[in-house]
Amino acid sequence: MTAEPTTAEAGRDFIRDIVQADLDAKKHRAIVTRFPPEPNGYLHIGHAKSIGLNFGIAQEFGGRCHLRFDDTNPTREEQEFIDSIQADVRWLGYDWGKNLFFASDYFEQLYEWAEGLIRAGLAYVDDQSQEEIRLARGTLTEPGKNSPFRDRSVEENLGLFRRMKAAEFPNGARVLRARIDMASGNINLRDPVLYRILHAHHPRTGEKWSIYPSYDFAHGQSDAIEGITHSICTLEFEDHRPLYDWLLDKLPVPSKPHQYEFARLNLTYTLLSKRVLTELVRGGHVAGWDDPRMPTIAGLRRRGVPPAAVREFIKRIGVAKANSVVDVGMLEFCIREVLNQTAQRRMAVLRPLKVVIENYPEGKVEEIEAVNHPDDPAAGTRRVAFGRELYVERDDFMENPPKKFFRLSPGNEVRLRYAYFITCREVVKNAAGEVVELRCTYDPATRGGNAPDGRKVKATMHWLSASHSKPAEIRLYNPLFANPGPDAVNFTADLNPQSLEILMDARVEADVAASHSLDVMQFERQGYFVRDKDSTADRLVFNRTIGLRDAFAKEVGKG
RNA sequence: UGGGGCGUCGCCAAGUGGUAAGGCAGUGGAUUUUGAUUCCACCAUACGGAGGUUCGAAUCCUCCCGCCCCAGCCA
């Protein structure tokens with residue numbers, strides 16, 4: 001009897017089922033997976049699904065996961081992305097150890113295998129133009145036509161291919177093609193291009209090569225070289241699998257990996273295509289790849305989303321082959337779940353309204369003790385200054401409150417969290433009729449927040465001392481797109497004009513201002529916030545990661 | 001109309017012939033110095049549709065319908 005791997009959740013998805021079955025059948029000594037990004041952009045939450053799957057399987061089944069850059073197209077790839085991708089994978093909490101690879105590490109081997117294919121009569125150099133090749137490929141319903149160069153001799157093919165390698169021809173002059181079947185129902189088998197001429201600088205191999213292998217000629221072989229057992233990719237590569245297998249079958253590769261496909265992640269109110277993300281940045285619709293509204297890993301990080309929340313999300317959505325669109329609310333739930341347990345509580349007033357406690361002695365200041373986390377005594381306490389002049393949230397006051405409004409209103413008594421009960425006695429307005437200040441009284445007997453006579457209040461509000469709190473800029477984020485299913489083609493039409501709201505006059509606890517911590521805090525009753533990198537010595541900037549659930553707002557929304 | 005896939009609750013998603021897991025959302029209630037959290041309850045006689053096989057079908061067979069991917073010298 002073999003013990004069940006304790007960490008593997010057998011049956012959680014079809015890929016893990018396959019892995020488990022392969023292990024039970026003793027097909028492999030160890031499971032080896034890989035995450036194979038092309039370094040041509042920043043990673044986003046869709047990649048996180050793949051990362052979580054590949055690294056997760058390796059972890060759960062006691063194997064390893066390689067990080068391999070699929071750098072076969074030097075015209076699109078940059079060192080900047082090679083660096084950012086590694087940083088993002090690490091931030092997500094995964095470690096490839098020594099297993100960092102590049103498809104370009106295998107260029108020499110790949111080239112030799114290509115010559116081997118030519119010698120076996122399984123590949124040929126085609127002199128047709130790109131246009132001619134396209135026309136001869138046929139259509140979805142009509143078979144293709146053989147290239148007039150398809151039956152060249154091995155010697156001629158070898159000579160031409162070597163001259164391609166020797167940079168004797170310009171871009172596009174010739175390609176190396178596999179000799180398979182121009183009439184195949186699977187277009188990927190209609191003599192796919194294996195090598196193309198590209199006179200370009202490669203971030204790793206520099207000017208050494210002037211021909212580069214295509215994805216199809218590089219991927220499976222790279223998997224085989226690294227001993228990958230389960231090569232997991234997304235659905236659109238399903239029709240490439242026959243080619244993947246064909247190449248591994250014809251070539252003297254050291255191992256025989258298998259490809260499995262799953263559905264990529266889609267999220268409501270979100271677009272994840274590289275093209276859209278790039279245009280969002282280039283077009284200035286967002287502040288950059290790490291704009292907190294971006295679904296990039298860098299954006300999530302800057303927004304304050306903890307990596308554990310991303311991992312939790314990936315785990316919850318599962319892995320299957322059905323195309324689907326996950327409700328972004330699922331991600332938000334995961335973020336709140338993690339943050340609720342980890343974030344320390346503080347107070348901040350986003351839209352301040354001045355309150356003067358008329359019966360509180362002028363000049364008196366008290367240090368009120370507040371807990372840092374209601375469910376975790378170990379998080380300790382802190383002291384918050386209380387005085388005669390305070391700020392409360394504008395939304396917490398209504399001059400003419402509807403029935404279910406329990407917060408401050410003329411004559412109503414509420415609790416200031418940890419401090420005292422106060423009652424609103426008078427509303428001060430400016431010439432325009434706007435409420436600018438509240439005159440209140442407090443009950444000294446309620447210090448700490450409880451009335452000795454046992455009387456209750458229906459609301460507890462957060463507050464800050466006017467003179468002790470510090471000013472801050474707070475950035476509130478809403479979905480980048482106003483439409484749950486944004487149009488990827490004409491995405492600008494679906495952009496949410498309210499995706500960013502900046503509050504310039506917010507106030508935060510002195511304690512918050514003094515800290516340079518990048519930990520996410522909960523500003524009580526508001527949500528989770530994190531200090532932004534735009535903060536300077538005299539300007540504090542905070543990003544709202546996510547708001548708290550708000551049953552009251554929902555109630556009001558009902559009408 | 002070629003080839004490859006997929007269709008189970010509003011959204012994800014288990015289920016692999018034995019009588020529909022779970023999560024998110026939603027609804028109702030309890031607790032609460034965050035209208036937060038936590039807790040309890042409710043939430044698919046039904047598995048794209050129609051036939052068939054079977055004592056028994058979401059699971060097997062047939063036909064039909066719908067959706068996605070493929071005609072880059074991108075990945």
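Just so we're clear, the structure is a prediction, and the values are computed from it rather than from any experiment. When reading the values below, keep in mind they use all heavy atoms of this one structure, side chains included, and skip hydrogens, waters and symmetry mates. In what follows, every chain begins at residue 1, and chains take the letters A, B, ... in the order their sequences are listed.
- Annotated as anti: B:G4, whose glycosidic dihedral deviates from 0 by more than 90°.
- A side-chain N or O of A:His462 and one of A:Gln526 form a donor-acceptor pair less than 3.5 Å apart.
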* Scan nucleotides 66-75 of chain B nucleotide by nucleotide, 5' to 3', and note B when protein non-hydrogen atoms come under 4.0 Å of the base, S if they reach only the sugar-phosphate, - if neither. => --SSBBSBBB

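- Going from the C1' atom of B:A58 to that of B:U45 covers 14 Å, rounded to whole Å.
- Considering only heavy atoms from C-beta on, A:Phe397 stays 4.5 Å or farther from A:Val392 through its side chain.
- What separates CG of A:Asn450 from C1' of B:U32 is a distance of 12 Å, to the nearest Å.
- The CD1-P distance, from A:Ile45 to B:C12, rounds to 16 Å in whole Å.
- The A:Arg316 side chain lies nearest to B:G23 when the options are B:G15, B:G23, B:G5.
- Residues passing the salt bridge (charged side-chain N to carboxylate O under 4.0 Å, His left out) test with A:Asp71: none are found, sequence neighbours excluded.
- In this entry the distance linking NZ of A:Lys321 with P of B:C6 reads 5 Å, nearest Å.
- Rounded to a whole Å, the CZ atom of A:Arg549 is 12 Å from the C1' atom of B:U38.
- Within the structure, a side-chain polar atom (N or O) of A:Lys554 is placed less than 4.0 Å from OP1 or OP2 of B:G26.
- Rounded to whole Å, the separation between the P atoms of B:G48 and B:C11 comes to 14 Å.
- Base pairing annotation: B:A71 forms no Watson-Crick or G-U wobble pair, as no partner gives both donor-acceptor distances under 3.5 Å.
- Spacing of C1' atoms, B:U1 relative to B:C12, comes out at 35 Å, to the nearest Å.
- Atom OH in A:Tyr528 sits roughly 8 Å away from atom P in B:U37 (whole-Å rounding).
- A salt bridge links A:Asp443 and A:Arg455; the closest N-O separation between the charged side-chain nitrogens and carboxylate oxygens is under 4.0 Å.
- In this model, a donor atom of one side chain and an acceptor atom of the other lie less than 3.5 Å apart for A:Thr234 and A:Glu236.
- B:A20 and B:C63 have their P atoms separated by 30 Å, given to the nearest Å.
- The nucleotide B:U38 finds its pairing partner in B:A30, both defining distances of the Watson-Crick or G-U wobble pair being shorter than 3.5 Å.
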So which protein nitrogen or oxygen atoms get under 3.5 Å of nucleotides 9-11 of chain B's nitrogens or oxygens?
from	atom 1	to	atom 2	distance (Å)
B:C11	O3'	A:Val325	O	3.1
B:C11	O2'	A:Val325	O	3.0
B:C11	O2'	A:Asp327	N	3.3

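- Judged by distance alone, with hydrogens and angles left aside, A:Arg345 brings a side-chain donor or acceptor within reach of the base of B:U34, the pair sitting under 3.5 Å.
- With B:U34, B:U1, B:G7 as the choices, the nucleotide that has an atom nearest any side-chain atom of A:Ala322 turns out to be B:G7.
- Between A:Glu60 and A:Arg16 there is a salt bridge, since a side-chain N of the basic residue sits under 4.0 Å from a carboxylate O of the acidic one.
- When distances are taken from the side chain of A:Ala320 to each of B:U1, B:A14, B:U34, the shortest belongs to B:A14.
- Interface remark: the A:Gln341 side chain does not form any donor-acceptor pair with the B:U37 base, using a distance-only criterion of under 3.5 Å.
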